[in-house]
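All heavy atoms count here, side chains included; hydrogens, waters and symmetry mates do not. Throughout, protein chains are lettered first and strands after them, A, B, ... in sequence-line order, and every chain is numbered starting at 1.
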Amino acid sequence: MKTVTISHLGRHIGEEVAIDGWLHAKRSSGKIVFLQMRDGTGFVQAVMVRSDVSDDTFTEASALTQESSLRITGIVKAEERAPSGVELQAITLETLQLTHDYPITPKEHGVDFLMDHRHLWIRSPRQRSILKIRAEIIRAIRAFFDDREFTQVDPPILTPSACEGTTNLFHTKYFDEDAYLTQSGQLYMEAAAMALGRVYSFGPTFRAEKSKTRRHLIEFWMIEPEMAFTTHEESVEIQEQLIVYVVSHVLRHCEQELRTLGRDIDRLEKVVSPFPKISYDEAIAFLQKNGHEITWGDDFGAPHETEIAAQYEQPVFVERYPTSLKAFYMKPDPMRPEVVLCADLLAPEGYGEIIGGSQRIDDADLLFQRFEEHQLPADAYSWYLDLRQYGSVPHSGFGLGLERTVAWICGLEHVRETIPFPRLLYRLYP
RNA sequence: UCCUCGAUAGCUCAGCGGUAGAGCAUCCGGCUGUUAACCGGAGGGUCGUAGGUUCGAAUCCUACUCGGGGAGCCA
């Protein structure tokens with residue numbers, strides 16, 4: 001008997017095949033049983049009619065429970081009433097394990113309960129769809145950079161000290177030395193860009209911040225491209241192309257999953273070039289006009305970002321923030337040294353900042369001056385200062401937060417559903 | 001760290017000073033096209049923990065524990 005995946009059943013109409021999977025749901029009456037099967041590739045309904053099978057088989061099917069593992073053989077039928085257009089007319093049944101008391105019932109559940117059962121929750125159609133889309137977004141991001149001859153470089157996860165010196169890091173020991181989990185691979189990626197030209201990293205990042213909002217994870221994944229001989233404006237252009245590419249890839253490859261999530265496809269179809277660009281100055285003026293008590297030099301809070309982004313149907317770049325607000329390595333605008341050559345990309349629909357990027361300081365003296373201003377230990381970063389001593393060039397880069405991007409594209413309420421096993425404040429299980 | 005909301009059956013919740021409830025899940029019975037199927041029946045609870053007020057507390061008060069949402073910070 002040929003075993004096929006549910007996703008390929010449509011190619012076997014009229015044939016007798018076997019499927020291996022789990023029972024997602026069951027409905028039955030005295031003489032017919034409907035078995036909703038899932039195998040990871042999709043969902044299909046197997047229909048078992050009492051008169052078609054042996055009494056033992058029918059009794060066994062009637063007694064099956066949610067999430068029992070089983071193998072069913074039957075004839076593949078085209079069926080208009082089925083969501084996938086295909087059904088299996090069951091003939092034989094082999095129960096691998098009869099499950100008892102599966103915790104996640106077809107009824108509603110609270111966040112706490114579902115998070116405690118995350119290892120089982122990911123079996124649900126909704127969670128499966130999100131993880132599929134996450135995988136496709138990752139595939140699209142890699143394809144985008146690989147096609148443009150970027151080289152993937154993996155920065156270290158254990159680091160001797162803070163990269164940016166702003167957020168709280170996870171502390172650990174490296175034998176007798178202190179070590180920290182990385183909060184950004186950027187400085188290492190600048191070194192890599194001087195070696196390989198155009199590079200990108202894709203890996204986990206850790207922030208020991210006591211943040212508890214729908215936009216925060218303690219452990220999250222970030223894509224950090226870094227490009228030699230690239231200006232701020234050129235970097236922003238690449239960021240825009242990347243986002244357009246990723247969204248169109250998901251629209252093309254994940255139609256079924258987006259439908260399962262109930263995502264408003266129209267909103268995603270509006271993500272095309274060019275994206276609006278406004279300056280920090282214009283954003284401040286806009287907020288002031290709308291009654292916010294904010295002055296030039298203040299940073300935006302989450303409500304500010306949401307209000308700015310709400311003006312547009314596409315992601316919006318906010319450029320040239322005050323130098324005092326941004327990281328030490330960002331290059332000042334030569335025409336206006338009080339602002340830096342940077343941009344944040346704000347996603348629509350209140351999802352907040354998904355990209356932060358800038359042109360980096362390439363002048364050795366200015367960078368050293370910044371270290372003193374920010375009271376950073378120059379000796380710990382002497383390798384980074386070396387990059388400006390030996391063939392310094394204009395270069396730019398950015399960081400894309402994967403989970404926020406997934407949450408936005410999927411239209412989710414919270415980033416905790418975008419990663420298989422989220423690490424959240426006070427939640428390290430499962 | 002701060003603000004705010006919550007904790008009652010396996011799950012989701014109602015009850016808000018006077019004998020602990022419903023739906024779903026589970027078990028038993030019925031049903032040949034179900035889609036969170038439906039119909040009938042059964043079992044199932046130290047009301048988060050510790051104090052206090054009261055004749056009487058799931059209910060009011062205090063503290064603690066755990067969790068949700070948000071702020072700050074950030075992707």
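Dashed line: the shortest gap from a side-chain N or O of A:R215 to OP1 or OP2 of B:G69 is not under 4.0 Å. Using a 4.0 Å cut-off, no side-chain N or O of A:H117 falls inside it from OP1 or OP2 of B:C11.
Comparing the C1' positions of B:C66 and B:A50 gives an interatomic distance of 15 Å, to the nearest angstrom. Straight-line distance between the P atoms of B:C16 and B:C74: roughly 47 Å, to the nearest whole Å. Taking the C1' atom of each, B:G51 and B:U65 are spaced 15 Å apart, rounded to whole Å.
One interatomic measurement links the two molecules: OH of A:Y102 to P of B:U26, which rounds to 13 Å at whole-angstrom precision. Remark: P of B:A36 and CZ of A:F43 are 13 Å apart, rounded to the nearest angstrom. Taking atom CD on A:Q66 and atom P on B:C11, their separation rounds to 15 Å, with Å as the unit. At whole-Å resolution of the value, CE in A:M330 and P in B:C74 are 10 Å apart. Look at CZ on A:R27: it is 14 Å from C1' on B:C24, rounded to the nearest Å. In this structure, A:I137 atom CD1 and B:A75 atom C1' are separated by 14 Å, rounded to whole Å. A straight line from CZ of A:R404 to C1' of B:C74 spans 6 Å, rounded to a whole angstrom. For A:Q186 and B:C74, the CD to C1' distance is 14 Å, given to the nearest whole Å.
Of all nucleotides present, only B:A63 satisfies the Watson-Crick or G-U wobble test against B:U49, with each distance under 3.5 Å. Pairing of B:C73, defined by two Watson-Crick or G-U wobble distances under 3.5 Å, is not identified with any nucleotide.
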Summarise how protein sits on nucleotides 28-33 of chain B as a single string, 5' to 3': B when a protein heavy atom is under 4.0 Å from the base, S for sugar-phosphate-only contact, - for no contact. ---BBB
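Side-chain contact check for A:Y188 versus A:P156: some heavy-atom pair is nearer than 4.5 Å.
Applying the side chain to side chain donor-acceptor pair (under 3.5 Å) test to pairs two or more places apart or on separate chains, those with a residue in residues 295-307 of chain A are A:D281-A:W296, A:H292-A:E307, A:T295-A:D298.
Separating the NE2 atom in A:H24 from the OH atom in A:Y102 is a distance of 8.0 Å, to the nearest 0.5 Å.
Donor-acceptor pairing under 3.5 Å, judged by distance alone, is present between the side chain of A:S211 and the base of B:C73. Under 3.5 Å, the side chain of A:H109 and the base of B:C11 form no donor-acceptor pair of N or O atoms.
Using the six-membered ring where Trp is involved, A:F145 and A:Y200 have ring planes that are parallel, under 30° apart on the 30 and 60° scheme.
Judged by distance alone, the side chains of A:D178 and A:H171 do bring a donor and an acceptor atom under 3.5 Å apart. Between the side chains of A:Q36 and A:Q45, a donor-acceptor pair is found at a separation under 3.5 Å.
Shown here are the salt bridge (Lys or Arg N to Asp or Glu O under 4.0 Å) partners of A:D146, two or more places apart in sequence or in another chain: there are none.
A stacked arrangement is not assigned to A:Y426 and the six-membered base ring of B:G67, the conditions of a centre distance below 5.5 Å and an interplanar angle below 30° not being jointly met.
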